[in-house]
Amino acid sequence: MKKFVHWILSTLGYSVYTCAVLFFLLWFLFPAESARVWLQRQLDRLSPPLIWEIEELRVAWPLSIVLRDIVVERKEGGNAFVQVNELKLRPDVTGITRLREEWPVSYRMAALGGTVTGGASLDRDQARVKCYGEINNLQISELEGMWQQMGRNGSGKLSGSFSYEGELPEILSGDLQADLMVRDGSLELLQPVMGLNNLPFNQLITSLSLAGRVVTLTRGKVDSDLFAADFEGTVDLADNLLGSGLDISGSFEPRPELMGGLKDPAVVQLIKGQLRDNKLTFQLSDTLFEPGIRFQGVSGTIDGVIEGSGR
């Protein structure tokens, strides 16, 4: 019996020693620079239209890999498409039973003045990825490359939750579910709408789903000191996202603060005469780059006053 106990203790001791040596090798001798270069090449291969730059890759406690200053640019040039200050990855111990089929990790990303935390997995036999997460206070004003391409500015704090499943590199053909909220936001208009050059709002919420390269928006609501709106519809995604087609409709309720800011009394009377239950209906069409908006009241489309495109 004593020999058996001694054998058990010896085996455990050697096992602990072996694990300690492996940990030392991984921790202190990890080829961080080679791993950084290899990862950049793999990401470039999986997403041909993009160029990836990772400033630093290192290991951290507990058994994590940290990537810092990640910049993703389009090959045709322009400002950075995505910028990430830090991405921390570590094995997801809750998914250890799935290791034969996929590589599960948990992550924490710091970007755009906020964070995204959650989990992800990559199939071992194919380039299929699953991902879920919680978004907290991303500053959409820091998406400088996108706003530059659109020729306008926008701001707000984005929060919410999402789940995604798809195959690389065709990420736009995957399946996405999300519940999102933007607080304290604004959107610059290229042409005035109801006398406004900028649409400020306190809160925008919507649920969206992506399937077959079509984004479906439901239960959308906007609350502003100047107006209230609800909306739903679809966005048909193009390879150039700014060329994606819009088909969104809803209702728009101008508040006294908005009506009081209109300088032309004739316009005020025209709008008031078209309200049904204090609301107008509207339709967004054309593309993300040059959206068109059309309002309708009790007598139909309101021509020449608040109808147009390129907004």
Side-chain angles (χ1 to χ4, degrees), residues 112-114 135 137-143 146-147 150-160 179-208 215 217-235 246-311:
L112 304 178
I135 304 167
N137 286 336
L138 298 189
Q139 304 288 335
I140 61 177
S141 61
E142 296 187 19
L143 291 168
M146 182 189 75
W147 296 120
M150 295 182 69
R152 69 182 75 204
N153 293 315
S155 64
K157 302 174 184 177
L158 174 65
S159 299
D179 293 303
L180 303 176
M181 175 177 64
V182 181
R183 294 181 294 107
D184 303 326
S186 66
L187 177 64
E188 182 183 3
L189 302 175
L190 300 185
Q191 297 181 30
V193 175
M194 287 195 178
L196 297 175
N197 295 310
N198 188 66
L199 284 180
F201 57 89
N202 304 318
Q203 181 174 277
L204 180 155
I205 60 173
T206 187
S207 296
L208 65 82
V215 175
L217 304 170
T218 58
R219 299 192 298 274
K221 291 185 179 297
V222 183
D223 176 69
S224 168
D225 293 339
L226 301 178
F227 64 91
D230 58 65
F231 62 90
E232 61 181 14
T234 60
V235 182
L246 297 176
D247 185 8
I248 297 173
S249 59
S251 65
F252 181 91
E253 180 182 354
R255 288 179 168 158
E257 291 83 356
L258 175 59
M259 302 298 286
L262 296 176
K263 298 179 181 180
D264 189 340
V267 173
V268 175
Q269 290 304 314
L270 172 62
I271 294 173
K272 287 183 176 180
Q274 292 292 319
L275 295 176
R276 179 187 288 121
D277 297 327
N278 295 319
K279 297 179 181 179
L280 300 171
T281 61
F282 70 89
Q283 181 79 29
L284 283 174
S285 57
D286 299 326
T287 66
L288 282 173
F289 182 66
E290 291 186 331
I293 185 169
R294 176 172 297 188
F295 288 91
Q296 289 188 322
V298 295
S299 300
T301 301
I302 304 177
D303 295 319
V305 180
I306 48 179
E307 174 191 356
S309 62
R311 304 298 191 181

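The structure displayed is predicted, hence computed values, not measured ones.
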**Q** Measuring from Leu208:CG to Leu180:CG, what's the distance to the nearest 0.5 Å?
**A** 5.0 Å

**Q** What is the distance from atom CG of Asp230 to atom CZ of Phe282, rounded to the nearest 0.5 Å?
**A**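 The distance works out to 7.0 Å.
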
**Q** Quick one: pull up CE in Met259 and CD in Gln269 and give me the separation to the nearest 0.5 Å.
**A** 8.0 Å

**Q** For a quick test of reading the model, state the closest non-hydrogen atom pair linking Phe201 to Ser224 and the distance between them.
**A**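 In terms of heavy atoms, the two residues are closest at CA-CB, 3.8 Å.
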
**Q** I want to check something: taking the side chain as every heavy atom from C-beta on, are Glu257 and Leu226 in contact at a cut-off of under 4.5 Å?
**A**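 Yes. Closest side-chain heavy atoms under 4.5 Å.
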
**Q** Evaluate the side-chain proximity of Leu187 to Arg152: yes if any heavy-atom separation is below 4.5 Å, no if none is.
**A**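 With C-beta onward as the side chain, the pair touches.
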
**Q** Do Leu112 and Ile140 have side-chain heavy atoms sitting under 4.5 Å apart?
**A**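 Counting from C-beta outward, Leu112 and Ile140 never come under 4.5 Å.
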
**Q** How close do Val182 and Gly156 get, heavy atom to heavy atom, and via which atoms?
**A**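 Looking at all heavy atoms of both residues, the closest pair is CG1-CA, 3.9 Å.
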
**Q** Using distance alone, with no hydrogens and no angle criterion, decide if Ser155 and Ser186 have a side-chain donor and acceptor under 3.5 Å apart.
**A**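 The answer is yes; a qualifying pair exists.
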
**Q** Are the side chains of Leu196 and Leu258 in touch, meaning some heavy atoms are under 4.5 Å apart?
**A** yes

**Q** Among Leu217, Val215, Asp247, which residue satisfies the side chain to side chain contact (heavy atoms under 4.5 Å, CB included) criterion with Thr234?
**A** Asp247

**Q** Nearest 0.5 Å please: distance from the OG1 atom of Thr281 over to the CD atom of Gln274.
**A** 10.0 Å

**Q** With sequence neighbours left out, what residues match Arg183 under salt bridge (charged side-chain N to carboxylate O under 4.0 Å, His left out)?
**A**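 With neighbours one apart ignored, the set is empty.
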
**Q** Do Leu190 and Glu290 have side chains that approach each other closer than 4.5 Å (heavy atoms only, starting at C-beta)?
**A** no

**Q** So does Glu232 get a backbone contact from the side chain of Thr218, meaning a donor-acceptor N/O pair under 3.5 Å?
**A** no

**Q** Taking side chain to side chain contact (heavy atoms under 4.5 Å, CB included) as the criterion, tell me which of Leu199, Asn153, Asn197 meets it with Glu188.
**A** Asn153

**Q** Do the side chains of Asp286 and Arg294 get close enough for a salt bridge, i.e. N-O under 4.0 angstrom?
**A**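 Between Arg294 and Asp286 there is no salt bridge, as every charged N stays at least 4.0 Å from the carboxylate O atoms.
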
**Q** Roughly how far, to the nearest 0.5 Å, is CZ of Phe231 from NZ of Lys221?
**A**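 Between atom NZ of Lys221 and atom CZ of Phe231 there are 10.0 Å.
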
**Q** Please round to the nearest 0.5 Å and tell me the distance separating atom CD1 of Ile135 and atom NZ of Lys157.
**A**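 Answer rounded to 0.5 Å: 16.0 Å.
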
**Q** Would you indicate whether Arg276, at its atom CZ, is surrounded by more than 12 heavy atoms from other residues, nucleotides or ligands within a distance under 6.0 Å?
**A**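 No.
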
**Q** Give a yes or no on this: more than 12 heavy atoms of other residues, nucleotides or ligands lie within 6.0 Å of atom CG of Asp225.
**A** no

**Q** Minimum heavy-atom separation for Ser207 to Arg219, with atom names?
**A** OG-NH2, 2.8 Å

**Q** Please name the pair of heavy atoms, one in Gln139 and one in Gly113, separated by the smallest distance, quoted to 0.1 Å.
**A** CG-CA, 4.3 Å

**Q** Who pairs with Phe227 by ring pair (Phe, Tyr, Trp, His ring centres under 6.0 Å), at least two apart in sequence or on another chain?
**A** Phe252

